[in-house]
Amino acid sequence: GACISYDGAMVLTTGGSDYGIMAWQVETSALDASVALGGSGDEPYEALIPGGKEGEFYDEMCDYFYLAQLRAQGEDSTEEREIK
């Protein structure tokens with residue numbers, strides 16, 4: 001297993017059959033720079049989708065999401081639907 005210190009500066013890992021415990025010092029400045037370059041909110045994840053949020057693949061994912069909601073709520077319903 002692994003555990004991160006409250007300030008993010010240390011990571012503790014445990015071994016398997018040898019019962020070893022290792023303490024790793026983490027240099028967070030590289031992570032902080034990556035976070036700053038990646039953007040905020042959903043932007044970093046949208047950049048990973050081929051074509052971005054305006055692309056065809058994103059639209060197709062939305063369509064599949066709505067289809068899954070329709071199937072979960074019953075396709076034959078005439079009542080107003082709630083997308084969760």
For Ile49, does the CD1 atom have more than 12 heavy-atom neighbours from other residues, nucleotides or ligands under 6.0 Å away?
yes
Rounded to the nearest 0.5 Å, the CG atom of Leu12 sits from the CD1 atom of Ile21 at a distance of 7.5 Å
So CD of Gln69 and CZ of Phe65: to nearest 0.5 Å the spacing works out to 4.0 Å
Sequence neighbours left out, what pairs pass salt bridge (Lys or Arg N to Asp or Glu O under 4.0 Å) with at least one residue falling in residues 17-41?
none
The complete set of salt bridge (Lys or Arg N to Asp or Glu O under 4.0 Å) pairs with one or both residues in residues 36-56, sequence neighbours excluded, reads Glu46-Lys53
Could you tell me whether a side-chain N or O of Thr14 sits under 3.5 Å from a main-chain N or O of Gly1, the two making a donor and an acceptor?
yes
Nearest atoms (heavy-atom pairs only) where Thr28 meets Gly8:
CG2-O, 3.5 Å
Can you see which heavy atom on Asp7 is nearest to which on Ser5, and at what distance?
OD1-OG, 2.6 Å
Should Val26 and Met22 be regarded as members of a common hydrophobic cluster, given that ILVMFWY residues are connected when their side-chain heavy atoms come within less than 4.5 Å of each other, either directly or indirectly?
yes
Do Ile4 and Trp24 land in one hydrophobic cluster if side-chain heavy atoms of ILVMFWY residues count as linked below 4.5 Å?
yes
